[in-house]
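Below you'll find the structure, written out as structure tokens, and then a few comments.
Everything quoted here is computed from the prediction, not taken from an experiment.
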Number of protein chains: 2
Amino acid sequence: MLSDHLSTTYAALADPTRRAILARLAAGEATVGELAEPFTMSLPAVSKHLKVLERAGLITRGRKAQWRPCRIEAGPLRDAAQWIEHYRRFWDDSFDRLEEYLEQLQSGERKEGHHS
Amino acid sequence: MLSDHLSTTYAALADPTRRAILARLAAGEATVGELAEPFTMSLPAVSKHLKVLERAGLITRGRKAQWRPCRIEAGPLRDAAQWIEHYRRFWDDSFDRLEEYLEQLQSGERKEGHHS
């Protein structure tokens with residue numbers, strides 16, 4: 001079975017080197033050589049990661065045969081973000097509960113400090 | 001090497017059944033049996049997916065030995081969302097360009113319809 005679009009994206013993001021490559025490309029286009037530099041990694045190893053990112057549509061590569069610069073593509077990142085966004089209320093709720101608790105603590109302090 | 005936290009989360013999300021399980025748990029706690037129902041899947045197969053989600057911290061399971069209900073946990077989802085959010089400007093930019101283009105089209109139409 002072919003993997004669905006969203007699964008391919010998340011699988012591509014499930015690696016620290018690939019996320020670091022995307023972070024680098026967020027600053028602008030780069031060649032394989034430029035991408036390999038900050039990592040102690042061979043060009044073939046970087047190329048392998050780039051192929052995973054390219055298959056997921058997270059990057060595209062220029063057509064110039066010699067240096068083929070890589071650039072980041074927004075579409076799959078947007079889709080991945082949109083899926084997670086459906087669950088935002090869960091972490092917002094956690095913060096709401098924390099905020100409530102801190103307010104209770106504060107109002108408790110105010111009561112204790114009533115006569116001062 | 002142990003996988004980093006964010007990679008474990010994205011790897012857990014890289015499966016349509018696991019994302020469907022999280023969608024079900026977003027509606028409230030559920031037992032393994034309840035989770036298995038909508039999928040044509042054996043309990044052991046569902047349990048395997050639950051273990052991946054549990055290792056990623058995306059769900060926790062109750063302590064009652066008999067039915068151990070699963071519940072969704074916000075933390076890893078929030079972290080995964082925050083990582084992707086850094087790249088929002090890329091997809092917002094794409095929409096900005098689309099909007100610009102549509103505005104140009106509209107102003108063109110206004111010019112063409114100038115005498116009507």
Practice item. Side chain from CB out, backbone as N, CA, C, O: work out which of these in B/Glu73 comes under 4.5 Å of a heavy atom of chain A, or both, or neither. Key: neither
Point to revise | B/Arg19, part contacting chain A, at a heavy-atom distance under 4.5 Å | key: both
**Study point:** Full working for side-chain contact (heavy atoms from CB on, under 4.5 Å) between B/Phe90 and A/Ile72
**Key:** CA-CA 8 Å; B/Phe90 290 102; A/Ile72 194 167; 3.6 Å; yes
Exercise for review: Calculate, to the nearest 0.5 Å, the distance between atoms CZ and OH belonging to B/Arg18 and A/Tyr10 respectively.
Suggested key: 12.5 Å
**Study point:** Pick from B/Ala12, B/Gly75, B/Ala23 with the largest number of heavy-atom pairs that fall under 4.5 Å of chain A
**Key:** B/Ala23
State plainly whether one hydrophobic cluster holds both [X] and [Y], where clusters connect Ile, Leu, Val, Met, Phe, Trp and Tyr through side-chain heavy atoms under 4.5 angstrom apart.
X       : Y       : value
B/Ile59 : B/Phe39 : yes
B/Leu6  : A/Leu25 : yes
A/Val52 : A/Val46 : no

Could you pull out the closest heavy-atom pair between [X] and [Y], with the gap in Å?
X       : Y       : answer
B/Ala81 : A/Ile84 : CB-CG2, 3.6 Å
B/Tyr87 : A/Leu77 : CB-CD1, 3.7 Å
B/Ser7  : A/Ala14 : O-CB, 3.4 Å

